[in-house]
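Notes follow once the structure below has been shown.
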Amino acid sequence: MASLFSVFVLVVYHQTTWSMVSTWWNLETFAHGFLILPITLWMIWERRAQLQEITPSASPLALLAVAAAGLSWFVGSLANVQVVQQFALIGLLISGVWVTIGTQAARRLLFPLAYLFFAVPIGEDLVAPMMEFTASFTVELIKLTGIPVYREGLYFSLPSGNWSVVKACSGIRYLIASVTLGCFFAYLTYQSLTKRLIFIAFSIIVPIIANGLRAYIIVMLGHMSDMTIATGVDHLVYGWVFFGLVMLLLFWVGGKFKDPEPTANAQLVAKAQQDYSGAGMTWQNTIVGLAALIVMVFPAAAMVMEAKDIPIPDKTLSVSGMESRWQESADAFWFWKPLMYGADRATHQYFQRGQRFYSLSIGQYLDQRQGVEMISFRNRILDKDLMSWRQIEQKTTDLDLQNGTLRVTETVLSGEGRQLLTYSWYRVGDHYTASPYVAKFYEIIETVGFSDQGSAKIVVAVSTKQGDEHAEEALTGFLEAALPEIEAALAITASSGSK
């Protein structure tokens, strides 16, 4: 019955199921997702002897878990947060198994069932900090080696040539593979929770350090060979070979502390079989039927919410009223502009004051849906295909304005023979934030409250150069003058139009 209920959940939430499968298929980083279900089923099969000691019985308490998972999916659907929906789907599968086999049996399967969470394709948010760590780790080791190196963001130069840390060098694939395999190995090898947690901790730490060493070794191979080896695709091959050796060493050491496997109690098995043969099915069917109804409620509610009309004003979005202080230009001062995919209203404007050049970019999102969201991997400060530009530095900073403090993401870009200092932040309803996670939370609150104020991503930039001490002051002044006009441009009313 647990298998049938799981299939039922996957069918009812087929869109979320497909979103996971398509990610596994399209992104190599998450291709391991195809292995999670077979591994989980194998771990459950390995536990069959211990499961035979327990009489299966439906658990009414698990209905609360089903409802909680379904509600989480519904909230994720309202806010178009795909990862929340995917986690909720796994929660529905786990709580569905709990409903059908009972608390005692589900407790025996806690680890195999929890392993299903590895099927959720997450980890992209770790790419940027891991790239930064890899660059810093590599440069520091190069310095210790005695080789002169100049670093600019994720780019660094040696006398023999130039290097950069790109997404493939971040080590995110190594980390995900290591943690996924490490948890599986810990489950198979140890019975002690302490031993399992220690090994899992090592499976997190080791690949991060190993990736830094990998990057250093590749740079040194390129440097010592006068950039003839380890400078192309071959350095990825070297990386996987090195990672494989590190993981083999980790598992070999971990295997030295293996615990004996538990054995089934024959008397408990016989008793469970006898109890189950006399158990009535009416109560169990009732509980499972209630669980099925709960599962279906939330997609139906989501369909009702999605059917509501969203007021959409004129597509034209323009910030005006600053001409007396900043002269607007019809010509673009540079080719860079932030990506704001799918915005309902957008503007990219350029201004000049004295010898300073500024830009203002806004993307307003009023009718967000799956694939067209303000907070998305598609929307970034720098288009990765814009090869003439690169990101030098990024941090979060607080700006002291006349009306209060505004937290923004400060990014320094370099390209076309110039540098740009940019400030970016989100506006959700009446809230400002630099954090995409906080912005998503505000969007959930706005959606649940049936607010139609919409969301917006705002980016201001000023041209600068190394050693320019007044760029931050100039951009802050521009932002403060533009903020009231931005608010006026983003203001919408129900009478503005409809979808």
Side-chain angles (χ1 to χ4, degrees), residues 2-3 5-41 43 62 65-99 109-127 172-173 175-177 179-180 183-184 291 294-303 305-306 342 368-379 436-441 443-444 447-448:
S3 300
F5 192 87
S6 297
V7 172
F8 169 73
V9 169
L10 293 175
V11 171
V12 172
Y13 294 83
H14 61 278
Q15 291 182 332
T16 304
T17 303
W18 176 246
S19 71
M20 294 172 65
V21 174
S22 60
T23 302
W24 303 341
W25 181 263
N26 293 317
L27 298 178
E28 292 182 4
T29 303
F30 305 111
H32 68 279
F34 287 107
L35 301 176
I36 300 303
L37 181 58
I39 290 175
T40 299
L41 293 176
M43 286 193 288
V66 174
L71 181 61
S72 299
W73 180 92
F74 178 68
V75 172
S77 175
L78 291 181
N80 292 296
V81 186
Q82 196 170 76
V83 68
V84 172
Q85 295 174 266
Q86 293 168 349
F87 269 113
L89 175 61
I90 300 301
L92 282 166
L93 291 174
I94 294 173
S95 56
V97 172
W98 181 12
V99 163
L109 295 179
L110 181 60
F111 190 95
L113 292 175
Y115 197 77
L116 285 171
F117 283 113
F118 282 112
V120 179
I122 59 171
E124 286 292 314
D125 290 341
L126 295 175
V127 171
I172 187 64
R173 295 180 185 177
L175 178 60
I176 291 175
V179 174
T180 304
C183 289
F184 182 46
I294 294 172
V295 165
M296 292 187 293
V297 163
F298 296 103
M303 290 179 62
M305 292 293 294
E306 290 174 0
Q368 298 192 63
R369 55 198 181 278
Q370 203 70 60
V372 184
E373 304 127 312
M374 178 179 69
I375 300 172
S376 165
F377 71 94
R378 294 178 176 177
N379 297 332
Y437 304 104
V438 175
K440 270 297 184 184
F441 173 77
E443 286 184 340
I444 292 173
T447 303
V448 172

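Being a predicted model, the structure only gives us computed values, none of them experimental.
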Value rounded to 0.5 Å, distance of [atom1] in [X] from [atom2] in [Y]:
{"X": "Ile39", "Y": "Phe118", "atom1": "CD1", "atom2": "CZ", "result": "10.0 Å"}
{"X": "Leu109", "Y": "Trp98", "atom1": "CG", "atom2": "CH2", "result": "13.5 Å"}
{"X": "Thr16", "Y": "Gln86", "atom1": "OG1", "atom2": "CD", "result": "7.0 Å"}
{"X": "Ser95", "Y": "Leu113", "atom1": "OG", "atom2": "CG", "result": "10.0 Å"}
{"X": "Gln85", "Y": "Leu92", "atom1": "CD", "atom2": "CG", "result": "11.5 Å"}
{"X": "Gln82", "Y": "Ile122", "atom1": "CD", "atom2": "CD1", "result": "13.0 Å"}

So does Ser19 get a backbone contact from the side chain of Ser22, meaning a donor-acceptor N/O pair under 3.5 Å?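 Yes: the side chain of Ser22 pairs with the backbone of Ser19.
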Looking at every heavy atom in both [X] and [Y], which two are closest together, and how far apart are they?
{"X": "Pro121", "Y": "Met20", "answer": "CD-CG, 4.3 Å"}
{"X": "Ala291", "Y": "Val66", "answer": "O-CG1, 4.1 Å"}
{"X": "Pro436", "Y": "Ile375", "answer": "O-CD1, 3.1 Å"}
{"X": "Met374", "Y": "Asn379", "answer": "O-ND2, 2.9 Å"}
{"X": "Gly91", "Y": "Ala69", "answer": "C-CB, 3.8 Å"}
{"X": "Ala67", "Y": "Ile294", "answer": "CA-CG2, 3.8 Å"}

Stepwise, does the side chain to side chain contact (heavy atoms under 4.5 Å, CB included) test hold for Val11 with Thr17? CA-CA 8 Å; Val11 171; Thr17 303; over 6 Å; no
Please say which of Phe30, Trp18, Phe34 ends up in a ring pair (Phe, Tyr, Trp, His ring centres under 6.0 Å) with Trp24.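 The passing option is Phe34.
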Give me the one residue out of Leu10, Leu37, Thr40 that meets side chain to side chain contact (heavy atoms under 4.5 Å, CB included) with Leu93.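 Filter result, single survivor: Leu10.
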Evaluate Phe117 against Ile94 for side chain to side chain contact (heavy atoms under 4.5 Å, CB included), listing each step before the verdict. CA-CA 10 Å; Phe117 283 113; Ile94 294 173; 3.5 Å; yes
State whether the number of non-hydrogen atoms from other residues, nucleotides or ligands found under 6.0 Å of Phe441 atom CZ is greater than 12.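 Result for CZ/Phe441: open.
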Please say whether more than 12 non-hydrogen atoms of neighbouring residues, nucleotides or ligands are located less than 6.0 Å from CD in Gln15.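 No, not enclosed.
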Side chains of Ile176 and Leu126: does their closest heavy-atom pair fall under 4.5 Å?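 A side-chain contact is absent here, since even the closest heavy-atom pair is not under 4.5 Å.
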Do Cys183 and Tyr115 come close enough that some side-chain heavy atom pair is under 4.5 Å?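 A side-chain contact under 4.5 Å exists here.
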Kindly assign one of parallel, tilted or perpendicular to the pair Trp73 and Tyr13, based on the angle between their ring planes and the thresholds 30° and 60°.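 Taking Tyr13 first and then Trp73, their aromatic rings stand perpendicular (interplane angle over 60°).
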Step by step, work out the side chain to side chain contact (heavy atoms under 4.5 Å, CB included) result for Val120 and Val83. CA-CA 7 Å; Val120 179; Val83 68; 4.0 Å; yes
Show your reasoning for whether side chain to side chain contact (heavy atoms under 4.5 Å, CB included) applies to Leu71 and Phe298. CA-CA 7 Å; Leu71 181 61; Phe298 296 103; 4.0 Å; yes
